[in-house]
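Working notes, structure below.
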Amino acid sequence: MVSPFDLSQPHAVVSPAAPVATRAAVPGSKSLTNRYLLLAAAAAGTSFLKNPLHSDDTTYMRAALKAMGVTIDEQPEGWSVHGRSPWQNPTEPLFIGNAGTAMRFLTPALPAQGVAATITGNERMLVRPIKDLVDGLRQLKTEVAYRGEEGFPPLQLQPPLTGGACRIRGDASSQYLSGLLMALPTAQQDSLIEIEGPLVSRTYVAMTLDCMARLGVTVGVNEDHTRFEIAGGQTYRATDIDIEPDASTASYWFALPLMVGGTLTVPACPEQSHQGDFGLVGLLAEMGARVTRDGGELTISDAPLNGVDVDMNTMSDVAPTLAVVATRAQSPTTIRNIYNMRIKECDRIEALQTAFDQLGLKMENGRDWIKIYPGRVTTPALVNPEDDHRMAMVFALLGLADGGVGIRDPECVAKTYPTFYEAFGAVLHRK
Ligand SMILES: O=C(O)C1=C[C@@H](OP(=O)(O)O)[C@@H](O)[C@H](O)C1
Ligand SMILES: C=C(OP(=O)(O)O)C(=O)O
């Protein structure tokens with residue numbers, strides 16, 4: 001079996017792959033792993049996290065927690081997290097690469113845990129906005145200073161976070177709200193968080209509340225998720241958690257049979273999940289893909305596809321996956337309400353447009369939408385994922401379908417899926 005990925009050069013060369021008929025186990029969820037690491041680190045007692053994600057984003061979170069005196073024992077089946085509260089001051093600035101979850105969850109957790117620290121990240125993280133979260137913390141009387149440009153990391157944080165009332169915007173990222181929600185229950189006073197205007201990626205907030213509840217902390221919330229009442233002085237209780245497979249990572253597997261033909265089964269997909277990205281499966285079915293579920297096993301098979309017109313505000317991480325699948329459909333697809341794709345690991349709308357143009361695929365975009373036309377790669381090109389794992393993985397899918405795709409800096413997949421090429425290469429062979 002010859003892998004369709006040639007990784008012998010600094011860039012990856014992707015050749016067309018033959019149809020698949022296989023199963024693929026997907027690594028644990030990034031969003032769940034980083035939430036449970038943080039909550040378990042603040043809990044009384046030891047929590048065991050089974051099936052955690054091993055990747056750059058979770059490595060940065062673990063390293064930061066360890067720097068603050070939290071012990072994490074790594075065993076083959078999972079991680080034992082020995083919680084402590086308060087945490088200790090780190091001796092160096094906390095560096096969290098481009099892990100949005102680590103940056104936005106740790107920022108309020110540090111003052112809540114009595115930690116004075118500077119938190120920083122890689123070049124891209126320093127242009128990813130954090131103003132709405134800082135505004136919230138300042139309303140709660142926590143001292144936060146911008147060490148670089150106003151509105152962006154690095155941040156210097158000074159305890160305490162005592163609680164109180166704040167009103168923040170939720171239209172750039174839901175991670176600010178998730179961070180505050182997880183931090184405030186351990187503050188001395190009760191808190192009230194109000195969301196001003198629309199809330200993006202709202203399924204991740206429901207995920208946050210569910211994770212907190214599993215460690216024994218509940219929050220009062222109104223029906224439209226704009227007002228959160230949090231009792232102060234609470235303690236998270238250690239518990240054992242089985243982490244679900246990552247729905248965003250699973251998206252590349254779900255897309256695979258639609259790109260190269262065949263059938264693919266992903267085991268252990270819960271019927272009820274707070275990972276909104278599993279919603280992609282319903283959209284693929286709406287396009288015409290054959291989808292069946294047998295308990296936790298989801299099977300997707302290729303079939304003629306139609307274009308769709310969809311709002312992906314609640315699952316924008318899998319919009320790039322839908323975009324490449326849309327090239328296989330018989331009519332155009334429009335994806336709407338996805339402005340915040342522009343402030344992720346790169347401007348994903350721009351990166352997709354550039355690569356599509358280079359490869360001879362037709363796409364149009366506006367501030368918060370993209371439109372994809374049916375097409376095939378007609379011009380071989382070396383495309384740039386802009387150090388964005390999701391861009392590299394969807395460009396790989398285009399190459400597996402049509403060939404002619406070279407990917408610069410292919411190792412950027414390590415942010416969430418370090419074994420991407422090995423895992424896909426192991427079940428695929430060149431056509
Ligand atoms: O809370 C989380 O785990 C995440 C929330 C989303 O970010 P935004 O809320 O910034 O859209 C998502 O894109 C990110 O990958 C993970
Ligand atoms: C947007 C993402 O990551 P984060 O915001 O957590 O860095 C992602 O994983 O697609």
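Every value quoted in this text rests on a predicted model; they were computed, and no experiment measured them. In each ligand, atom 1 is the first atom listed, and ligand 1 is the first ligand listed.
- For the pair Glu345 and Arg390, the salt-bridge criterion is not met [side-chain N within less than 4.0 Å of a carboxylate O].
- When the heavy atoms of Leu199, Thr416, Asp317 are ranked by distance to atom 15 (O) of ligand 1, first place goes to Asp317.
- Taking CG of Leu137 as the start and SG of Cys166 as the end, the distance is 7.5 Å to the nearest 0.5 Å.
- In summary, the atoms of ligand 2 found under 4.0 Å from a heavy atom of Lys415, numbered by their order in the structure, are 3 (O), 4 (P), 7 (O).
- Between Glu196 and Arg169, none of the side-chain N atoms (NZ, or NE/NH1/NH2) sits under 4.0 Å from a carboxylate O, so this pair counts as no salt bridge.
- Nearest to atom 6 (O) of ligand 2 among the protein's heavy atoms is Lys30 NZ, 2.8 Å.
- Counting protein heavy atoms only, atom 8 (P) of ligand 1 is closest to Lys344 NZ, 3.3 Å.
- Per-residue contacts place His389 under 4.0 angstrom from the following atoms of ligand 2 (heavy atoms of the residue considered): 8 (C), 9 (O), 10 (O).
- Checked by atom type, the side-chain pair Asp135/Gln139 shows no donor-acceptor distance below 3.5 Å.
- Of the inter-residue distances, the one linking Lys362 atom NZ with Thr327 atom OG1 reads 14.0 Å to the nearest 0.5 angstrom.
- At least one N or O atom of Gln175 sits closer than 3.5 Å to an N or O atom of ligand 2.
- Residue contacts with ligand 1 for Ser201 involve side-chain atoms from C-beta outward but no N, CA, C or O (heavy atoms, distance under 4.0 Å).
- In Arg348, the part holding a heavy atom less than 4.0 Å from any atom of ligand 2 is the side chain.
- In this structure, atom 2 (C) of ligand 2 lies nearest to the protein heavy atom Glu345 OE2, 2.9 Å.
- With rounding to the nearest 0.5 Å, the separation of CG in Asn98 from CG in Asp57 is 7.5 Å.
- Closest to atom 10 (O) of ligand 1, if we only count protein heavy atoms, is Ser173 OG, 2.6 Å.
- Atom 6 (C) of ligand 1 has Tyr204 CE1, 3.6 Å as its closest protein atom, hydrogens excluded (heavy atom only).
- Under the 4.0 Å criterion applied to side-chain N and carboxylate O atoms, Lys66 and Glu74 are assigned as salt-bridge partners.
- Among the atoms of Arg104, none of the N or O lies under 3.5 angstrom from an N or O of ligand 1.
- Among protein heavy atoms, atom 10 (O) of ligand 2 sits closest to Arg390 NE, 2.6 Å.
- Of the charged side-chain nitrogens involved, at least one lies within less than 4.0 Å of a carboxylate oxygen, so that Glu229 and Arg227 count as a salt-bridged pair.
- Nearest to atom 1 (O) of ligand 1 by heavy-atom distance, out of Met341, Arg35, Lys30, is Arg35.
- Counting heavy atoms under 4.0 Å from ligand 1, residue Phe105 touches it through the side chain alone.
- Salt bridge absent: Lys30 and Asp246 never bring a charged side-chain N and a carboxylate O closer than 4.0 Å.
- Short contacts between ligand 1 and Asn340, defined as distances under 4.0 Å to a heavy atom of the residue, involve ligand atoms 8 (P), 10 (O), 11 (O).
- Residue Ser174 has at least one N or O atom closer than 3.5 Å to an N or O atom of ligand 1.
- The atoms of ligand 2 that sit less than 4.0 Å from any heavy atom of Thr101 are 6 (O).
- Atom CE of Met61 sits about 10.5 Å away from atom CG of Leu94, to the nearest 0.5 Å.
- With salt bridges taken as basic N to acidic carboxylate O contacts below 4.0 Å, none links Arg408 and Asp387.
- Note that the CG atom of Asn122 and the CZ atom of Phe95 stand 5.5 Å from one another [nearest 0.5 Å].
- Residue Ser178 has no N or O atom closer than 3.5 Å to an N or O atom of ligand 1.
- Contact annotation for Asp317 and ligand 2: only side-chain heavy atoms (C-beta onward) come within less than 4.0 Å of the ligand.
- The N/O atoms of Lys344, backbone and side chain alike, include none that comes under 3.5 Å of an N/O atom in ligand 2.
- At under 3.5 Å, a nitrogen or oxygen of Gly100, whether backbone or side chain, sits near a nitrogen or oxygen of ligand 2.
- Near Thr101, with a cut-off below 4.0 Å to any heavy atom, the atoms of ligand 1 are 2 (C), 3 (O).
- Salt bridge present: Arg336 and Asp309 bring a charged side-chain N and a carboxylate O closer than 4.0 Å.
- Residue-environment remark: CD (Gln188) stays at or below the threshold of 12 foreign heavy atoms within 6.0 Å.
- A salt bridge does not link Lys415 to Asp56: none of the charged side-chain nitrogens sits closer than 4.0 Å to a carboxylate oxygen.
- Between Met341 and ligand 2 there is no heavy-atom distance shorter than 4.0 Å.
- Within the listing of ligand 2, atoms 7 (O) sit less than 4.0 angstrom from a heavy atom of Asn98.
- At the top of the distance list for atom 5 (O) of ligand 2, counting protein heavy atoms only, stands Arg128 NH2, 2.7 Å.
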